[in-house]
Amino acid sequence: MADKLKISLFSDFHYRKEMYSITLDDLLTILNRAEKENAEIILHAGDFCNDYNNSPEVINALLNNKTGLKVYGVYGNHELESFDNSMAVVTKFITNDENVVWGTKDGKIGDGSIAYYYADVKDFRIVCTDTNYSFNTEGYWEHNRTRSFGPPDENLFGNSLGTEQLVWLEETLIKSAKEGKKCIVISHESFSGKFRSSSPDSVFIRNLFARVNAMKKGTVLMAINGHIHTNNACVMDNILYLDMNTAKNTWWQGTQEEHYREADTYKYTEYDENGNAVNTYDRSYTQDWMNKNTWYSADPLSAIVTVTNDGEITVEGMESEYVNDILPPENKWNDCEPRVLSGKWKLDI
């Protein structure tokens with residue numbers, strides 16, 4: 001009988017008070033769906049929070065979710081963007097599983113400067129990567145820095161894994177093939193080469209996937225990414241690549257033009273430094289400083305993904321609409337709609 005794993009998946013939540021109109025209630029809606037659908041773990045593909053230091057309410061809600069589910073997340077390119085949100089601060093908040101194996105020499109979290117890791121759940125290995133490395137002018141790979149949402153302008157090959165992580169990923173996947181583990185690889189940037197953005201490491205990684213699957217068929221079943229705020233899936237070389245849409249920020253365009261009206265409001269809660277609610281009121285979308293560039297989904301988007309170790313993958317997505325039917329000025333692509341696709345795939349295992 002096939003072993004299976006049921007996953008609650010979301011990406012690019014982008015929580016930061018007064019920057020985006022994202023709320024704790026939006027996260028609770030995702031978590032409530034996970035509970036209702038009997039999900040066994042929660043995955044997020046990065047950009048969960050743009051200010052970890054000042055967001056205890058969402059960090060606590062996710063990591064201490066009421067059903068006690070293990071959470072496995074990855075760094076997005078916005079995890080470090082706010083003041084003092086260093087890796088020492090953020091890394092400890094991307095998972096609540098103390099038994100994950102970090103990419104450090106001893107497999108422990110250490111000082112948080114290594115944020116890639118893997119975790120074993122049933123017959124599956126959740127492999128969480130960090131696509132925030134770039135090659136600098138001094139001749140070495142460095143991680144995106146505190147107070148940044150990308151590599152320094154002078155660096156090359158942004159959104160990469162870097163040499164050390166690529167070695168770790170290869171060793172991890174070869175080990176998985178030898179142990180008969182079925183891998184789900186999570187990244188912020190895509191490895192597919194088929195979607196509208198992709199890591200410079202994509203060709204190497206796809207070839208790596210092919211090599212380990214040649215060693216043991218079905219070692220890598222699935223690769224999940226966020227980052228692009230789009231909604232796609234494709235099967236290549238007997239692997240499902242899933243491009244997970246953003247939770248709420250459906251369309252971003254640097255227009256700096258007001259499109260929401262003062263009367264367009266949402267329930268906003270103020271929290272103290274411990275994450276306790278102190279006041280709730282109707283807040284206008286016009287008051288949040290990134291909203292001249294952002295068009296929102298009316299509902300927080302998530303998916304329920306069921307994977308079996310004999311290669312059957314089911315994605316239960318969802319449909320929403322734009323807040324108050326306020327549409328972006330242009331939409332050249334149908335993968336930016338406020339929806340997550342649904343589908344069923346059977347890989348040859």
Side-chain angles (χ1 to χ4, degrees), residues 4-15 20-50 55 57-74 76 78-79 93-96 121 126 128 184 186-188 190 195 222-233 240-252 266 294-307 313-323 335-345:
K4 70 177 181 179
L5 181 64
K6 200 167 192 180
I7 300 164
S8 169
L9 172 65
F10 71 98
S11 189
D12 294 82
F13 192 71
H14 284 289
Y15 184 85
Y20 290 115
S21 304
I22 313 294
T23 69
L24 174 59
D25 282 343
D26 292 323
L27 177 61
L28 294 178
T29 297
I30 293 171
L31 297 178
N32 287 340
R33 184 184 184 197
E35 180 182 18
K36 179 180 178 182
E37 299 290 343
N38 296 311
E40 296 169 275
I41 63 170
I42 298 170
L43 299 184
H44 77 74
D47 284 353
F48 171 62
C49 182
N50 294 43
S55 307
E57 58 277 5
V58 295
I59 295 169
N60 292 338
L62 179 62
L63 299 185
N64 301 317
N65 60 86
K66 64 181 180 179
T67 48
L69 297 181
K70 297 301 183 186
V71 175
Y72 304 103
V74 301
H78 287 276
E79 247 71 24
F93 292 133
I94 61 175
T95 180
N96 59 1
V121 183
I126 312 300
C128 296
I184 300 167
I186 317 297
S187 60
H188 190 55
S190 171
F195 308 145
M222 189 176 189
I224 298 169
N225 71 271
H227 184 51
I228 321 173
H229 293 209
T230 51
N231 174 51
N232 295 285
L240 176 64
Y241 290 83
L242 180 64
D243 171 31
M244 184 61 192
N245 209 345
T246 173
K248 290 277 285 188
N249 298 13
T250 304
W251 183 266
W252 193 97
Y266 69 100
T294 308
W295 284 257
Y296 291 98
S297 168
D299 304 291
L301 302 178
S302 67
I304 301 298
V305 180
T306 304
V307 185
I313 303 174
T314 303
V315 178
E316 299 171 72
M318 58 181 292
E319 301 279 342
S320 187
E321 56 192 17
Y322 284 102
V323 164
D335 58 1
C336 289
E337 296 297 325
R339 60 184 292 266
V340 175
L341 59 80
S342 296
K344 189 172 186 177
W345 297 264

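No hydrogens, no waters, no symmetry mates; every other heavy atom, side chains included, goes into these values. As the structure is a computational prediction, the values presented were derived from the model and not from experiment.
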Peer 1: Between K6 and E40, does at least one N-O distance fall below 4.0 Å, as a salt bridge requires?
Peer 2: no
Peer 1: So does I304 get a backbone contact from the side chain of E37, meaning a donor-acceptor N/O pair under 3.5 Å?
Peer 2: no
Peer 1: I need the minimum non-hydrogen distance between S302 and I30, along with the two atoms involved.
Peer 2: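 So the minimum-distance heavy-atom pair works out to CB-CG2, 3.9 Å.
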Peer 1: When you measure from the side chain of N64 to the backbone N and O of A61, does any donor-acceptor pair fall under 3.5 Å?
Peer 2: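 It does not hold such a pair.
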Peer 1: Are H188 and H44, when compared by the centres of their aromatic rings, separated by less than 6.0 Å?
Peer 2: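 Centroid separation for H188 and H44: 6.0 Å or greater.
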Peer 1: Spell out, as yes or no, whether a donor-acceptor pair under 3.5 Å connects the side chain of D12 to the backbone of H227.
Peer 2: yes
Peer 1: Heavy atoms only: give me the nearest G226-A45 pair and the separation to one decimal.
Peer 2: N-CB, 3.6 Å
Peer 1: As a quick check of understanding, evaluate side-chain contact (heavy atoms from CB on, under 4.5 Å) for I94 and V74, giving each step before the final call.
Peer 2: CA-CA 6 Å; I94 61 175; V74 301; 5.9 Å; no
Peer 1: Do S11 and T246 come within less than 4.5 Å of each other through their side chains, counting heavy atoms only?
Peer 2: no
Peer 1: Quick one: pull up CG in D26 and CG in L301 and give me the separation to the nearest 0.5 Å.
Peer 2: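 It is 10.0 Å, given to the nearest 0.5 Å.
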Peer 1: Look up atom OG1 in T95 and atom CD1 in I42, then write down how far apart they are to the nearest 0.5 Å.
Peer 2: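 The CD1 atom of I42 is 10.5 Å from OG1 of T95, to the nearest 0.5 Å.
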Peer 1: Would a 4.5 Å heavy-atom cut-off, applied to side chains only, mark K4 and I313 as touching?
Peer 2: no
Peer 1: How long is the straight-line distance from SG of C128 back to CG of L43, given to the nearest 0.5 Å?
Peer 2: 7.0 Å
Peer 1: Quick one: does N96's side chain have a donor or acceptor within less than 3.5 Å of a partner on N65's backbone?
Peer 2: no
Peer 1: Can you tell me how far the CH2 atom of W345 sits from the CE atom of M222, to the nearest 0.5 Å?
Peer 2: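 Output value for this atom pair is 7.5 Å.
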Peer 1: For the residue pair F13 and Y15, does the interplanar ring angle fall in the parallel (under 30°), tilted (30 to 60°) or perpendicular (over 60°) class?
Peer 2: parallel
Peer 1: Could you walk me through whether N225 and L242 pass side-chain contact (heavy atoms from CB on, under 4.5 Å), step by step?
Peer 2: CA-CA 6 Å; N225 71 271; L242 180 64; over 6 Å; no
Peer 1: Would you give the length of the straight line joining atom CG of L27 to atom CG of N60, rounded to the nearest 0.5 angstrom?
Peer 2: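 The CG atom of N60 is 11.0 Å from CG of L27, to the nearest 0.5 Å.
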Peer 1: Tell me, please, which residues at least two apart from Y296 pass ring-ring contact (aromatic ring centres under 6.0 Å, His included).
Peer 2: Y285
Peer 1: Using the side chain to side chain donor-acceptor pair (under 3.5 Å) criterion, which residues pair with E321? Sequence neighbours excluded.
Peer 2: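 For E321 there are no side chain to side chain donor-acceptor pair (under 3.5 Å) partners, ignoring immediate neighbours.
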Peer 1: Does a donor on one side chain and an acceptor on the other come within less than 3.5 Å for S297 and D299?
Peer 2: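 Not at all, the side chains of S297 and D299 share no donor-acceptor pair under 3.5 Å.
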Peer 1: List the residues meeting side chain to side chain donor-acceptor pair (under 3.5 Å) with T314, not counting sequence neighbours, and say none if there are none.
Peer 2: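 Result, side chain to side chain donor-acceptor pair (under 3.5 Å) vs T314: none returned.
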Peer 1: To the nearest 0.5 angstrom, please state how far the CG atom of L62 sits from the OG atom of S55.
Peer 2: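 Spacing of CG (L62) from OG (S55) equals 12.0 Å.
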Peer 1: Heavy atoms, side chains only, cut-off 4.5 Å: are F48 and F93 in contact?
Peer 2: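 With C-beta onward as the side chain, the pair stays apart.
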Peer 1: Do you know the tightest heavy-atom contact between L69 and A34?
Peer 2: CD1-CB, 4.4 Å
Peer 1: Is the side chain of S342 donor-acceptor paired with the backbone N or O of G317 at a distance under 3.5 Å, no angle test?
Peer 2: yes
Peer 1: Using the side chain to side chain contact (heavy atoms under 4.5 Å, CB included) rule, pick out the option among I186, I126, I7, I184 that qualifies with Y72.
Peer 2: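 Of the listed residues I186, I126, I7, I184, the side chain to side chain contact (heavy atoms under 4.5 Å, CB included) partner of Y72 is I126.
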Peer 1: Sub-3.5 Å donor-acceptor pair from the side chain of D47 to the main-chain atoms of H78, do we have one?
Peer 2: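 Yes.
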Peer 1: Let's go through T250 and Y322 carefully: what are the C-alpha distance in whole Å and the side-chain angles of both, what is the deciding distance for side-chain contact (heavy atoms from CB on, under 4.5 Å) to 0.1 Å, and is it a yes or a no?
Peer 2: CA-CA 8 Å; T250 304; Y322 284 102; 3.6 Å; yes
Peer 1: N231 and D335: side-chain donor and acceptor closer than 3.5 Å?
Peer 2: no
Peer 1: Look only at the side chain of H229 and the backbone of N249, and say whether a donor-acceptor pair between them is shorter than 3.5 Å.
Peer 2: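 A pair under 3.5 Å: yes.
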Peer 1: Going by heavy atoms in the side chains, are M318 and R339 under 4.5 Å from each other?
Peer 2: no
